[in-house]
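In what follows, every heavy atom counts, from backbone to side chain, and hydrogens, waters and symmetry copies are set aside. Given the structure is predicted, the values throughout are model-derived calculations rather than measurements.
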Amino acid sequence: MNLNLLSGSAGGGSMWTLIIIYALIFVGIYFILIRPKSKKSKQEQELRNSLQIGDEITTIGGIVGRVIAIREEADEIVLETGSEKTKMVFKRWAISTVNSDKDKTAEKTDKTEKKGFFGRKKKNAEENPVEK
């Protein structure tokens with residue numbers, strides 16, 4: 001009779017172990033799959049909401065053009081594309097990337113220090129010329 005009580009408590013312990021394993025799997029799936037996707041969708045929504053007239057964009061269909069009008073009430077943008085200046089209307093959700101020159105110039109002006117393998121600042125030839 002005592003053996004049955006001991007085996008029952010061991011079975012309860014394995015049940016908690018199983019629940020903990022399932023919880024760890026769920027947490028792992030959340031951090032690997034769900035959280036990055038939600039972060040990416042927030043970034044895409046921010047990109048679409050920060051559009052300005054004159055930005056060059058690429059749609060999800062691969063059409064490249066310049067934004068000439070934004071219709072907030074209909075959630076649409078008007079693109080001008082091609083050498084004939086063809087105008088097309090797209091929904092805002094169809095924007096894939098913004099290829100604006102404004103972003104490229106901001107990246108060029110933001111210089112970061114080059115660091116070596118151990119986190120030390122690299123010495124440039126211009127800063128420290130070597131005399132022979």
Side-chain angles (χ1 to χ4, degrees):
M1 191 180 228
N2 287 337
L3 295 175
N4 288 338
L5 293 175
L6 293 175
S7 66
S9 65
S14 67
M15 182 182 73
W16 283 108
T17 306
L18 188 63
I19 290 172
I20 290 172
I21 289 172
Y22 280 137
L24 289 175
I25 290 172
F26 179 74
V27 168
I29 288 173
Y30 173 77
F31 280 108
I32 292 172
L33 299 175
I34 299 170
R35 188 167 180 243
K37 184 174 172 115
S38 65
K39 276 187 170 183
K40 185 177 178 183
S41 66
K42 284 181 185 178
Q43 287 176 345
E44 289 173 351
Q45 188 64 33
E46 182 180 319
L47 173 101
R48 291 175 182 136
N49 289 336
S50 67
L51 273 181
Q52 297 177 352
I53 295 175
D55 286 347
E56 293 217 6
I57 64 167
T58 304
T59 65
I60 57 174
I63 298 172
V64 179
R66 184 178 308 269
V67 177
I68 59 169
I70 299 174
R71 300 177 186 162
E72 294 291 335
E73 64 278 351
D75 204 30
E76 296 176 339
I77 58 167
V78 180
L79 287 183
E80 184 178 71
T81 183
S83 60
E84 289 97 27
K85 307 290 184 189
T86 306
K87 293 175 178 65
M88 297 183 204
V89 179
F90 289 95
K91 290 290 188 181
R92 198 179 284 249
W93 58 263
I95 297 169
S96 175
T97 58
V98 177
N99 307 331
S100 182
D101 291 335
K102 299 172 194 172
D103 297 335
K104 293 178 184 175
T105 56
E107 289 176 5
K108 288 180 183 177
T109 57
D110 181 30
K111 293 183 180 179
T112 58
E113 293 182 2
K114 294 181 181 179
K115 292 188 176 182
F117 185 71
F118 294 107
R120 296 181 182 157
K121 184 178 175 184
K122 285 187 175 180
K123 296 179 182 178
N124 292 337
E126 300 163 359
E127 293 176 1
N128 300 323
V130 178
E131 296 179 21
K132 292 184 179 181

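Minimum interatomic distance between L51 and I70 (heavy atoms only, all atoms of both residues): O-CD1, 3.6 Å. Pairing each heavy atom of V78 with each of V89, the nearest pair is CG2-CG2, 4.2 Å.
Both I57 and M88 belong to a common hydrophobic cluster when Ile, Leu, Val, Met, Phe, Trp and Tyr are linked at side-chain heavy-atom distances under 4.5 angstrom.
Remark: L18 pairs with Y22 by the side chain to side chain contact (heavy atoms under 4.5 Å, CB included) rule, at least two apart or across chains. By the side chain to side chain contact (heavy atoms under 4.5 Å, CB included) test, T97 pairs with T58, N99, sequence neighbours left out. With sequence neighbours excluded, the residues that form a side chain to side chain contact (heavy atoms under 4.5 Å, CB included) with I20 are L24.
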Check: residues 27-37 side-chain donor-acceptor pairs under 3.5 Å, at least two apart:
none

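Taken from CD in Q45 to OG in S50, the straight-line distance is 10.0 Å, to the nearest 0.5 Å. Remark: I95 CD1 to L47 CG distance equals 7.0 Å, nearest 0.5 Å.
Residue V64 is found outside any hydrophobic cluster, as its side-chain heavy atoms come under 4.5 Å of no other Ile, Leu, Val, Met, Phe, Trp or Tyr.
At a threshold of 4.5 Å between non-hydrogen side-chain atoms, the residues F90 and I63 count as touching. Side-chain contact between E46 and K42 is absent, with no heavy atoms from C-beta onward closer than 4.5 Å.
Judged as a side-chain hydrogen bond (donor to acceptor under 3.5 Å, both in side chains), the pairs with a partner in residues 59-74 (not counting sequence neighbours) are, in order, E56-R66, R71-E76, E72-R92.
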